[in-house]
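Both counts, for ligands and for their atoms, begin at 1 and track the order of listing.
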Amino acid sequence: MSVRDDPLLRLDRVSVALRQGGREMVSGVSLSVGRRELFGIVGESGSGKTLFTRTVFGLHDDAVVSGGEVTFDGRTMPAKSHHTEMKRLLGKRIGFIPQDPFSSLNPSMRVGAQITEALYLARGLSPKSREARDAAIAVLAEVGIPEPDIAFRQFPDQFSGGMRQRIVIAIVLAQEPELLIADEPTTALDASTQRLIVDLIVERSRTRGLSVILISHNLELLRQSMDRIGVLYSGQFLNLFQADQLAHQEVHPYTQALFDCIPTKDKTLADIRPIPGEPAGAGFGLAGCSFADRCAFAKDRCCATPLPINDAGQARFSACIIGKGA
Ligand SMILES: Nc1ncnc2c1ncn2[C@@H]1O[C@H](COP(=O)(O)OP(=O)(O)O)[C@@H](O)[C@H]1O
Ligand code: SF4
Ligand SMILES: [Mg+2]
């Protein structure tokens, strides 16, 4: 973290509910993301990662922040105007790389024009100016696009999937955000390109001093690239830990179960165990721990006791009712 150690983003008991019907989908998320921190959010498919982050950052029209507080750079979003205030920050102080980045590129607009448009909206640079053109070419070079001055005049479909993803990152970096959020930015790419893209996000963020939230179902990818990781499971916030401590410290039983599925160089085949059963999914409003029917340590009280919440905003936290990983 930097000399300023107040967090850039703080979530305090944040819940998200569907606008229609008011069903609560994700609840009790308390965490903070430091300046220059690389923060991962992990969870199986359907756990609520996309719904939660898109709603918190003003990108979801069908869901609302239904409880808790979101504070960005010391300013708490007023509950009534959360959506509008977040929209003001998006594309300027907060950059978002969506789960399907290809749909965020306009196929009929040249790459250069898409970057200069972002420069205009974020920084007021005239799109036709020499300054905007030079800045766009510089950011294309920064993300590793070969011959960036030629790429400036090309269309998105003239590039491979990995290169198009780099262009999306270039557009977001051109906005000079302080916080960059990437929702599964690599799922459409092959494994080696995935790694290159995550490395690019990490390297550019380190160089520019950005904070990052990287969302993924891939715990190993996050463990290797992030500083800290938060775990979502069936709409509940279960665990928060230092990424490099995962193999060395007791963690929440769900995190441990996720880690036990991953082949690493220190594990034999017998050490790799799939998690039995299926996730409950987000939004079922369970009384206790939603992992109880899959957990080897579950006790009767796990199904009836409200989950602990990270009220003190600690850097490390486990929501296990019997105290595992706390
Ligand atoms: N607009 C919506 N309306 C109703 N349910 C939704 C909406 N968006 C997502 N959901 C539901 O919320 C749950 C979490 O989805 P999602 O956030 O996409 O999960 P993840 O990103 O972790 O894979 C799923 O059960 C999904 O069907
Ligand atoms: S609260 Fe109970 S069911 Fe949930 S992880 Fe802890 S021991 Fe397992
Ligand atoms: Mg998702």
Side-chain angles (χ1 to χ4, degrees), residues 14-29 40-66 83 96-104 181-188 213-219 221-222 229-241 250-260 275-310 317-326:
V14 174
S15 301
V16 158
L18 296 179
R19 204 180 275 278
Q20 216 171 19
R23 182 165 152 204
E24 193 162 283
M25 299 296 285
V26 178
S27 41
V29 181
I41 297 182
V42 73
E44 283 166 276
S45 179
S47 55
K49 305 180 297 297
T50 297
L51 182 68
F52 182 74
T53 39
R54 289 187 73 87
T55 307
V56 165
F57 293 104
L59 281 159
H60 216 302
D61 292 327
D62 299 337
V64 290
V65 173
S66 52
H83 194 73
F96 200 97
I97 301 172
Q99 184 154 5
D100 175 13
F102 304 136
S103 66
S104 70
I181 302 153
D183 184 2
E184 309 252 19
T186 60
T187 35
I213 297 178
L214 180 62
I215 300 154
S216 177
H217 62 275
N218 186 337
L219 178 60
L221 188 78
L222 295 180
I229 298 174
V231 181
L232 262 188
Y233 179 78
S234 295
Q236 295 181 331
F237 184 63
L238 294 188
N239 201 189
L240 190 59
F241 56 90
E250 185 181 85
V251 283
H252 185 281
Y254 174 60
T255 312
Q256 188 61 50
L258 272 184
F259 189 48
D260 288 342
I275 314 179
E278 295 290 326
F284 287 93
L286 299 174
C289 175
S290 52
F291 187 55
D293 61 344
R294 305 172 81 187
C295 177
F297 307 100
K299 308 259 184 277
D300 284 349
R301 67 178 190 277
C302 296
C303 299
T305 314
L307 280 196
I309 288 188
N310 185 21
F317 164 77
S318 167
C320 178
I321 288 161
I322 67 166
K324 287 208 162 280

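Ring-plane geometry between Phe291 and Tyr233 is classed as perpendicular, the angle between the planes exceeding 60 degrees on a 0 to 90 degree scale with a lower cut at 30.
Contact record, Ile322 with Phe297: CD1-O, 3.9 Å, taken as the closest heavy-atom pair. In this structure, Leu222 and Val42 approach most closely via the heavy-atom pair CD1-CB, 3.7 Å.
Under the 4.0 Å distance rule, the nearest protein heavy atom to atom 20 (P) of ligand 1 falls inside the cut-off. Inside a 4.0 Å radius of atom 11 (C) of ligand 1 there is at least one protein heavy atom.
Within the listing of ligand 1, atoms 23 (O) sit less than 4.0 angstrom from a heavy atom of Ser45. In the vicinity of Glu44, heavy-atom distances shorter than 4.0 Å reach the ligand 1 atoms 22 (O). Near Asp62, the atoms of ligand 1 lying under 4.0 angstrom from a non-hydrogen atom of the residue are 1 (N). In summary, the atoms of ligand 1 found under 4.0 Å from a heavy atom of Met25, numbered by their order in the structure, are 11 (C), 12 (O), 13 (C).
Distances from atom 4 (C) of ligand 1 to the heavy atoms of Val16, Leu18, Ile215, Thr55 put Leu18 nearest.
Ligand 1 is approached by Ser47 to a heavy-atom distance shorter than 4.0 Å. Contact analysis puts His60 in contact with ligand 1, with a non-hydrogen atom separation below 4.0 angstrom.
Side-chain contact between Phe57 and Ile213 is present, with heavy atoms from C-beta onward closer than 4.5 Å.
For ligand 1, the polar-atom distance check finds no N/O of Phe52 at less than 3.5 Å from any of the ligand's N/O atoms. Note: an N/O pair closer than 3.5 Å links Leu51 and ligand 1 by distance alone. The shortest N/O to N/O separation between Gly48 and ligand 1 falls below 3.5 Å.
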Pair Thr50-His60, side-chain contact (heavy atoms from CB on, under 4.5 Å): steps then yes or no
CA-CA 9 Å; Thr50 297; His60 216 302; 5.9 Å; no
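Excluding waters, the set of protein N, O or S atoms lying under 2.8 Å from atom 4 (Fe) of ligand 2 comprises Cys289 SG.
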